[in-house]
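Before any comments, here is the structure.
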Amino acid sequence: MATPSEPARVSVIIPARAASDHVERAIRSCLAQPEVDEVVVAVADEPTRRAAERVHDPRLMLVENPAGSTPVGLNLALGKTTGDVVVRCDAHAVLPPGYVTRALATLTATGAVNVGGRQAPRGVSLFERAVAMAMTSPIGAGDARYRLGGPPGPVDTVYLGVFRRDALEAVGGFDETLERNQDYELNFRLRQDGGVVWFDPELAVEYRPRGSIPRLWHQYYQYGFWKSVVLRRHPGSLRWRQLAAPALLVGLAGSVVGWLAGFRYAAALPVTYAAGTIMAAGIDGLRRRDPAAIVEPAALWTMHLGWGFGFIAGLLSGRSRGPRPRSR
């Protein structure tokens with residue numbers, strides 16, 4: 001990283017697929033950061049490319065990502081950048097004013113290799129707002145600081161991230177064999193390499209949640225599946241919250257078997273779970289004064305069960321370490 005007398009050169013990388021409605025806003029939010037020298041977007045489809053091309057700025061570069069994979073796109077974009085600080089952004093995210101300024105100051109002050117903050121979900125439709133509440137509820141996020149917030153300090157992972165380029169290159173960049181969970185896995189390798197991943201609660205990035213139950217189910221099924229793959233590779237990365245959803249699923253399945261077998265109290269777990277999620281949604285609705293809380297239980301059930309089914313499917317798949325092709 002540059003010395004205090006020499007400003008760091010800052011690059012932004014964005015993987016973009018099926019994001020024609022969002023990518024332009026994401027790019028503009030990055031280019032509005034005064035310190036940003038270049039933004040490289042790896043586009044995976046023609047509608048997204050056309051949307052990105054609506055931004056006319058010499059600092060913007062588009063690269064093709066025919067694989068369509070997020071980690072492949074990130075590595076392709078990374079390979080085209082020149083900055084000694086790399087900002088990772090999503091096509092559905094919006095960087096707030098001052099984001100890069102604060103992140104650079106925190107990188108310097110802490111000596112961390114990656115600095116990041118909170119995911120701040122902002123829904124527009126009723127269901128999106130319900131998902132946003134579920135994602136920031138303790139019953140939906142466990143103890144994940146990048147979802148719930150908390151004091152600044154070292155953590156296992158952050159949302160997105162602002163990286164020292166030399167640290168990224170030292171661990172080989174993003175693992176292209178992981179369709180999901182590549183950020184968490186990368187942060188684990190950075191920490192294993194002796195680096196610090198630093199959480200700053202003031203770095204909050206807007207995120208647009210999924211707008212339907214099928215899309216939310218698919219997202220969380222993928223999260224669970226790829227989390228189990230990462231845990232096979234890095235057992236030391238396990239956190240208790242990652243076992244909550246599969247344990248719930250096993251418990252609910254046991255309750256169904258018990259009910260069919262005539263056990264009197266077999267319904268205790270499903271009833272308790274349903275009551276707990278409805279109560280949590282009621283508290284969120286009162287606190288936020290948003291009628292979307294009425295459907296928050298459905299969002300929570302979709303997230304929990306999708307994640308749980310995905311996690312167990314990932315374990316049963318037997319997938320583990322594979323080759324890590326480079327796209328640079």
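Reckoned from all heavy atoms, side chains included, excluding hydrogens, waters and symmetry mates.
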Check: Hey, what do you get for OG1 (Thr106) to CG (Asp200), rounding to the nearest 0.5 Å?
Finding: 4.5 Å
Next item on the list: For the residue pair Val158 and Leu203, establish whether any side-chain heavy-atom pair is separated by less than 4.5 Å.
Entry: no
Check: Does any donor atom in the side chain of Ser11 or Arg165 lie under 3.5 Å from an acceptor atom in the other side chain?
Finding: no
Check: Is the shortest side-chain N to carboxylate O distance from Glu296 to Arg288 below 4.0 Å?
Finding: no
Check: Taking side chain as C-beta onward, heavy atoms only, is Glu64 less than 4.5 Å from Arg49?
Finding: yes
Check: Do Leu269 and Leu252 touch side chain to side chain, with heavy atoms closer than 4.5 Å?
Finding: yes
Note to self: If I compare all heavy atoms of Ala112 with all of Arg164, which pair ends up nearest, and what's the gap?
What the structure shows: O-NE, 2.5 Å
Item checked: Distance-minimising heavy-atom pair for Pro270 and Ala266 -> CD-O, 3.7 Å
Check: Any idea which heavy atoms bring Ile13 and Leu78 closest together, and the distance?
Finding: CG2-N, 3.8 Å
Check: Do Arg50 and Ser20 have side-chain atoms, one donor and one acceptor, less than 3.5 Å apart?
Finding: no
Check: Between the side chains of Glu38 and Thr81, is a donor N or O closer than 3.5 angstrom to an acceptor N or O?
Finding: no
Notebook entry, point to check: Is Thr136 close to Asp284 at the side-chain level, that is, under 4.5 Å between some pair of heavy atoms?
Noted result: no
Item checked: For the student: nearest non-hydrogen atoms of Ala132 and Gly123, plus distance -> CB-N, 4.3 Å
Item checked: Asp175 and Arg189 ion-paired at < 4.0 Å -> no
Check: How about Phe225 and Gln222: do any of their side-chain heavy atoms sit closer than 4.5 Å?
Finding: no
Check: How about Val131 and Arg210: do any of their side-chain heavy atoms sit closer than 4.5 Å?
Finding: no
Next item on the list: Please name the pair of heavy atoms, one in Val10 and one in Val87, separated by the smallest distance, quoted to 0.1 Å.
Entry: CG1-CG2, 3.7 Å
Margin query: Quick check: do Pro154 and Trp198 have side-chain heavy atoms less than 4.5 Å from each other?
Written below: yes
Notebook entry, point to check: Does a side chain donor of either Thr177 or Arg233 reach within less than 3.5 Å of an acceptor in the other side chain?
Noted result: yes
Notebook entry, point to check: Do you know the tightest heavy-atom contact between Ala293 and Gly285?
Noted result: CB-CA, 3.4 Å
Checklist line | Of Trp301, Trp217, Tyr220, the residue whose pairing with Phe309 passes ring pair (Phe, Tyr, Trp, His ring centres under 6.0 Å) | finding: Trp217
Notebook entry, point to check: In terms of ring plane angle, is the pair Tyr159 and Tyr207 parallel, tilted or perpendicular, where the classes change at 30° and 60°?
Noted result: perpendicular
Notebook entry, point to check: What residue among Asp90, Leu95, Val94 forms side chain to side chain contact (heavy atoms under 4.5 Å, CB included) with Val205?
Noted result: Leu95
Note to self: Under a 4.0 Å threshold between the charged nitrogen and the carboxylate oxygen, would Asp57 count as salt-bridged to Arg59?
What the structure shows: yes
